[in-house]
Structure formats: C-alpha cells, structure tokens
S.K.: 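Before we start, here is the structure in question, set down as structure tokens.
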Protein chains: 2
Amino acid sequence: MGGMAAQTQPKQSEAKLLVVEDDANILELLSASLRFAGFDVSTATSGSAAVSAAKNTTPDLVVLDVMLPDLDGFEVIRLMREGGQRTPVVFLTARDGTDDKIRGLTLGGDDYVTKPFSLEELTARIRAVLRRTTQGDEEPSRLVFADLELDEETHEVYRAGQRVQLSPTEFKLLRYLMLNANRVLSKAQILDHVWKYDFRGDDNIVESYISYLRRKVDNVQPRLIHTLRGVGYVLRKPAV
Amino acid sequence: MGGMAAQTQPKQSEAKLLVVEDDANILELLSASLRFAGFDVSTATSGSAAVSAAKNTTPDLVVLDVMLPDLDGFEVIRLMREGGQRTPVVFLTARDGTDDKIRGLTLGGDDYVTKPFSLEELTARIRAVLRRTTQGDEEPSRLVFADLELDEETHEVYRAGQRVQLSPTEFKLLRYLMLNANRVLSKAQILDHVWKYDFRGDDNIVESYISYLRRKVDNVQPRLIHTLRGVGYVLRKPAV
DNA sequence: CCTTGCCTGCACGCTGCCTGAAAGTTTTCT
DNA sequence: AGAAAACTTTCAGGCAGCGTGCAGGCAAGG
C-alpha cells in the first residue's frame, strides 16, 4: 500500500522551506511530500550545512530535526538567528524516554512534532506557524466546505451550524478531506497522509474512520462524503 | 456557532526593549519569546555594548542581567542615567547574595526577576513596569474573562464575584490561560511559559495544576477550562 | 446469481487524563 | 534558629475515550 501519490495541495504555499534531517529515508519522505504540498523545499543533512544553507536561501521556515550528527537543533537555531535571521522553526524530535531536551520548543511562535508523525500533522503545524509568524497576510485558520466548518486553531467542527465533537484521528481525517475537497483520495493515499509513517496496519481502518465521520458530520443532507467503489473517497457537493 | 476568530498575541505594546544578557542560550530564549509577545527587541551581550546600544536605540525598557563579563548591571545603569536617560529596568539576577543592592533599585519603579525565571513571570513584570512608567497609556491591570477576574497588581482573583485564593503557580497558570483565552494551549506550551526554564519534570504537573485550578475557580457553571484530549487545554465559554 | 469491495457493530487493549496522597521543598511564624 | 504551614512535585490507581482488528452483512456490478 505504500505508494506516494501525487497531488498539488491547494494554497498557503510557495513558501520556502529548509528541511534539515540526517535520516535519508525520512528526508526523502519529507521533501517529496512537502514539494507536492506546494512548498519550495531545500534540504540539509547536518547542522553546519543547515546554517550555511539558511544564510544562502533565507527560507521562510525551517523544519529541523533536533538530533543531528554535529550540532544539535538549538545550536543551529542560535547560530541562524545570530546572523539576524528571524526564521520560524518546526522541530522534529524523538519521542523516547530521555527527552530532556524537549523544552523551549514552543517559544517564539515555533512548534515541534514528535517522531513518528503523520504528514497531515506536520503540514498542519507548518501552516499554523506560518500563519502566526507571517503578519498582515492573515491566512484564515478556518476551513469551510458547503455547510461544513473546521477551525484548525480551536479544533472546533460544525456541520450545518451544529457543533460536532471529533477524536484526534477523526479530526485529522476530516481536515485532510477538506483540504483536498473535490479530489478523489485513495485509501492508500489517506493512510500515507493521515496515519503515522510507521503504521503497518490495514486499509480497513480508513473505512472505519470514514464510517465514524459519516455518522458524526455527514448525517444530514446533502451528503458530502462519497465512496467511489474501487477508487477511493471524495468530499464534494452532490452532482447538479 | 463558531468562535470569534482571529486574535493576535496580547501584544500590549510595540514597546522597544533592550535585552542585555551574556549567556547565548538565555538571550535567544528571551529575544525569541519577547519578540513574539509583540515587543520590539534589540540585544547586547556585554555591559559596554549595552550602554552604547541604549544611547542609539533609546529603548522604553531594559532587561538587564546584573552579572555581566565587563561592567555589572548597576554600572550599566549608572552610565546610562549619567547620559540623561531615565529608562526603566527589569533586572535579571541570580538567587543569592546581592539582593540588597537590587532591593534599593526597585524603589524607582524598576523591578527584578531571579534566575531561573519563567517567561510568564518576566513578561508580567515587564508589563507591570511599563504600566507604571508609561503615563496616560492606561493599560488595565485587571484581566477579565466571562465572570472570571484577575488583578495583576493585587494578585486577587474572583469567580462569579467570589474571592478565590490561589498559590503562586496557580496564579501564573490562570493568568497565562486568561491572556490566551480562546486559544488552545498544549501542555508543552504551558510548561515552556509558566514553569521556570530549567524545570526538568514532566507534563503531569500541568495536569495537576489544571486540576487544582478547576477545583478553585471552575467549580461553577459555566465551565471555562476545557480539555482537548491529545491537544491541550483552552479557556473558553462553552460552545453554542 | 455470484463476486468483490465496502460498511459497521463489537471487543480488546492501550493511551491520555484526572486526582488523591505522599514526599520533598520553600516560606512563614514564633 | 527551629517549628509549622504552605506550596511544589512525583507517583500510582482508576477511568473514559480512543485506535485497531475482526467478522458478518450489505450493496454494486458483472
């Protein structure tokens, strides 16, 4: 089921990202999918390379693994900002026990995501940080499709004006559907984006969550979540 | 239905700050978060640099480490004021010894914070000093959300008109929640802002204090402190 | 009619969260 | 200074919500 599926994410983008990660597999995963999402991505595989890359390319945001072979993430940031750069950061951190270093990562409008993460989650954080730190631009945090509304900041969801409570996975799935409204998404694609990259389960879980979502947010007319047998799912208004 | 969208950081000011600190990590911590809080921050890493920076940039307030490699903080202030500047100061000081000298200086409307400090505490002091020294501005010292009131100067808290006694940490946590009302705060974020930067404990302490706060200030309807499982906490009026 | 893919109820185990209580620390009082 | 009180931090038990797999049933398409 692995395959990475191509699609152009709608908007918010053209932002320049610098992705810093020493694990080649994860770096490839990240740069490929962030490019598809519409970002202008450059990469580095060490802290010192990251610092000089940041000087040359002046990215709008840095995706930065805190655990690097040479410098750690904090040093990288300090050096970058010593040079007068105010670049916001989304840190990548390991989730394991001895995570002493996981302090101060949310300061200055920055944020972090723990490994393993889902691409949905990472891109959501990136969007949120860009929204916060890019002034004047005022990218809305509220996704709207038909009478369905989802607020990325407050995690509130409404259908036909009614508040609906969603679990974290339900929320991520719905956000992914809404960001890709009118686009058909295969189960493999959904699994690749909404579930963590180390998930080794079965497609059926997507069916389950589609089912949950239908019960909670698609129990009124018009139906918005549609099944395309043998192909996937799509969020769209019924055919005219 | 939905909440009121878009809030910007409590940015009380756009006030110009000069931050003087020789430890690179702490300087980065301070400048990043004070900038995000809406201040216009410039920095210096030595006493002599601070004096000339103060002459050039004429800050509204100086955040000043008393222990510096060349001059100490008192010298810095003396030189600055010899030049006719009467800039207010928030000192950063180690917990031991020289308290006496500082006590004297707080009489002029200045204040001090002992290391290690929490960002909540530092920004609260900065706001308080600016409030005192900036005339006419009339920044209120009283935070109000629904029937919850918190006075930053007297440290009094009321819920539904009833006086409530809070411990220092409870007070700081509630103030942080109120300053960020309607914004979802992760436990990591709360830890980063409300607890001292050298705290090496775990998230559970945030849960404990949320629990204490609920018992003291959120034991009546409507409930204002809400848990978002897997995401964080938020202070808001219940959904419509 | 049969095949294939999808839907959904159910059950199990896990995770995140809440809270009481104990231990450790700081502050206040005498 | 010593004792008492207040506060902070940790630990552990309990609980509800959640993620996941399974299996029986249903619908669509040939």
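Convention: sequence-line order gives letters A, B, ...; per-chain numbering from 1.
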S.K.: Does A:Tyr209 make a side-chain N or O approach to OP1 or OP2 of C:dC7 shorter than 4.0 Å?
M.R.: no
S.K.: Would you please test A:Asp203 and A:Lys187 for salt bridge (charged side-chain N to carboxylate O under 4.0 Å, His left out) and show each step?
M.R.: CA-CA 6 Å; A:Asp203 272 5; A:Lys187 277 181 275 196; 5.0 Å; no
S.K.: Taking 4.0 Å as the cut-off, does a side-chain nitrogen or oxygen of A:Trp195 come that near to OP1 or OP2 on D:dG19?
M.R.: no
S.K.: Mind checking B:Phe199 for me? I need base, sugar-phosphate or nothing, with any heavy atom below 4.0 Å counting as a touch.
M.R.: sugar-phosphate
S.K.: Are any of A:Arg214's side-chain N or O atoms less than 4.0 Å away from OP1 or OP2 of C:dC7?
M.R.: yes
S.K.: Scan B:Lys187 against the nucleic acid and name what it touches under 4.0 Å (heavy atoms): base, sugar-phosphate only, or nothing.
M.R.: sugar-phosphate
S.K.: Going by modelled atom types, is there a donor-acceptor pair between the base of C:dC17 and the side chain of B:Asn204 at under 3.5 Å?
M.R.: no
S.K.: Output yes when at least one side-chain N/O atom of B:Thr227 is less than 4.0 Å from OP1 or OP2 of C:dC18, else no.
M.R.: yes
S.K.: More 5' along DNA chain D: A:Leu166 or B:Pro168, using each one's nearest nucleotide?
M.R.: B:Pro168
S.K.: Under a 4.0 Å N-O cut-off, is there an ion pair linking A:Lys115 with A:Asp198?
M.R.: no
S.K.: Contact class for B:Tyr212 (heavy atom, under 4.0 Å): base, sugar-phosphate, or nothing?
M.R.: base
S.K.: Can you tell me if B:Arg215 touches the phosphate of C:dG20, counting only side-chain N or O atoms and a distance under 4.0 Å to OP1 or OP2?
M.R.: yes
S.K.: Could you tell me if A:Asp192 and A:Gln189 have a donor-acceptor pair between their side chains, going purely by distance under 3.5 Å?
M.R.: no
S.K.: Do any side-chain nitrogens or oxygens of A:Ser208 fall under 4.0 Å of OP1 or OP2 in D:dG21?
M.R.: no
S.K.: Does a side-chain N or O of A:Arg229 approach OP1 or OP2 of D:dG29 to a distance below 4.0 Å, or not?
M.R.: no
S.K.: Counting only side-chain N and O atoms of B:Ser167, is one of them less than 4.0 Å from OP1 or OP2 of D:dC7?
M.R.: no
S.K.: Do the charged groups of B:Arg183 and A:Glu153 touch, with an N to O distance under 4.0 Å?
M.R.: no
S.K.: Side chain of B:Ile205, heavy atoms from C-beta onward: which of D:dT9, C:dG16, C:dT8 has the nearest atom to it?
M.R.: D:dT9
S.K.: Has B:Ser211 got a side-chain N or O lying under 4.0 Å from the OP1 or OP2 atom of C:dC18?
M.R.: no
